[in-house]
Amino acid sequence: MAGAGPPHYASWPPPAGHNLPPMGDMDEVRTIFVLGFPPDVKERELQNLLRWWPGYEASQMNFKGEQPMGFALFSSAAAAMAAKDALQNLVFDHETNSTLRAEMAKKNLYVKRGVTGMGTETPPFDQSKRLRTAGDFSTSHYAPPGAFAAPPPNSWVPQSFMPPAGSYDPYAGYGLPPLQAVAQPIVAPVAPAGYVPMQNTKDNPPCNTLFVGNLGESTSEAELRGIFSGQPGFRQMKVLRQGRSTVCFIEFADVNSAIAVHNNLQGAIVTSSDRGGMRLQYSKNPFGRKKEFMNNHQDGGAPGVPTSGTNS
DNA sequence: AGCACA
């Protein structure tokens with residue numbers, strides 16, 4: 001099973017800058033996945049945030065979970081990557097301490113062109129009951145209606161950034177200045193206050209999602225996020241309040257990242273909790289995967305291995 | 001100890 005599975009992230013062109021292939025292959029993932037929005041975010045906000053970006057094609061906000069999830073499609077993997085980096089750690093809303101986290105999506109956002117019911121495509125994550133796109137963009141790229149003269153200040157938008165009008169070079173804006181320097185993470189990395197020996201009986205087989213237990217009801221999500229969000233491979237986390245205790249799920253990009261954190265942070269003290277150290281276990285069900293029992297006897301034993309999409 | 005989301 002240790003198969004060298006197909007890479008989740010298609011191999012991008014190296015950041016050499018100018019040797020980029022003209023308009024990436026169509027099978028490259030050129031969609032980003034953005035988390036960290038405040039719960040009251042509007043899809044329009046995502047669109048207005050991204051439509052300035054070179055190569056932006058469409059976006060969609062998914063409100064299914066506790067946290068809104070944004071997806072945005074770009075004209076190429078390079079453009080998507082650049083936008084992803086630009087959004088990384090962007091403070092979206094100071095009031096709610098919302099800091100964005102962006103990753104490459106696993107699949108491309110499916111943009112419904114018309115209302116034609118070709119519903120066989122599978123957009124990232126859940127099948128869209130709620131497929132929304134940028135709306136009406138009949139031109140190859142979105143041309144702003146002219147309402148906005150200047151991008152919002154204090155943001156990632158480089159000065160040289162102008163929505164291209166006629167000739168469109170998706171790489172014009174690439175090789176951008178180090179944008180991360182502008183957007184400071186508000187989720188400061190938090191080092192655990194200390195460690196407590198934690199015996200972990202009854203763990204599950206390793207997978208890319210950790211289950212965090214032994215957390216008191218007072219446990220602060222911010223502290224957890226501070227501890228975990230900086231860990232290599234961190235994808236997302238979800239906190240669940242269960243009466244007088246709290247549990248938390250953390251998804252990582254791959255099983256190895258989860259294993260590392262499982263070992264390194266075992267028993268780490270969570271200050272806001274009143275129970276000392278946290279217990280880290282592998283989740284019974286990885287993020288985004290349903291347990292399949294009777295449904296699929298063929299795939300009985302690899303909890304950590306997502307059935308990577310049949311990319312047709 | 002407590003395992004959601006799809």
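Side-chain atoms are counted along with the backbone in the values below, which use heavy atoms only and exclude waters and symmetry mates. Chain identifiers are assigned alphabetically (A, B, ...) following the order of the sequence lines, protein sequences preceding nucleic acid strands; residue numbering begins at 1 within each chain. Just so you know, these numbers come straight off a predicted model, no measurement behind them.
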(request) Give the C-alpha distance, both sets of side-chain angles, the deciding distance and a yes or no for side chain to side chain contact (heavy atoms under 4.5 Å, CB included) between A/Met237 and A/Val212. (result) CA-CA 10 Å; A/Met237 57 170 269; A/Val212 190; over 6 Å; no
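The distance from atom CD of A/Glu251 to atom P of B/dC5 is 15 Å, rounded to the nearest whole Å. Going from atom CG of A/Asn214 over to atom P of B/dG2 covers 12 Å, rounded to whole Å. Note: CG (A/Asn200) to P (B/dG2) measures 12 Å, nearest angstrom. As rounded to whole Å, 19 Å separates atom P of B/dC3 from atom CG of A/Asn208. Per the geometry, CZ belonging to A/Phe33 stands 13 Å off P belonging to B/dA6, to the nearest Å. Look at CG on A/Asn285: it is 11 Å from P on B/dC5, rounded to the nearest Å. To the nearest angstrom, P of B/dC3 lies 17 Å from CG of A/Leu224. Protein atom CD of A/Gln242 is 11 Å distant from nucleotide atom P of B/dC5, rounded to whole Å.
Of the two residues contacting DNA chain B, namely A/Tyr282 and A/Gly65, the nearest-nucleotide position lying further toward the 5' end is that of A/Tyr282. Of the residues near DNA chain B, A/Thr201 and A/Lys238, the one whose nearest nucleotide (by heavy atom distance) lies more toward the 5' end is A/Thr201.
Within 4.0 Å (heavy atoms only), A/Gln281 reaches at least one base atom of the nucleic acid. When heavy atoms are screened at a 4.0 angstrom cut-off, A/Thr246 is found touching no nucleic acid atom at all.
Comparing B/dC3, B/dA6, B/dG2 against the side chain of A/Ser283 picks out B/dC3 as the nearest. Side-chain proximity of A/Lys284 to B/dA4, B/dG2, B/dC3: nearest is B/dC3.
Each of A/Leu215, A/Ile269, A/Thr219, A/Leu210 was checked for a side chain to side chain contact (heavy atoms under 4.5 Å, CB included) with A/Met278, and the lone residue meeting it is A/Leu215.
Under a hydrophobic clustering in which Ile, Leu, Val, Met, Phe, Trp and Tyr are joined whenever their side-chain heavy atoms come within less than 4.5 Å, directly or via other members, A/Met198 and A/Phe228 fall into different clusters. Note: the hydrophobic cluster containing A/Ile259 also contains A/Phe234 (ILVMFWY, side chain heavy atoms under 4.5 Å, direct or indirect links).
Looking at A/Lys284 and A/Phe211, their side chains never come closer than 4.5 Å, going by heavy atoms from C-beta outward.
Between the side chain of A/Arg244 and the base of B/dG2, no donor-acceptor pair under 3.5 Å is found.
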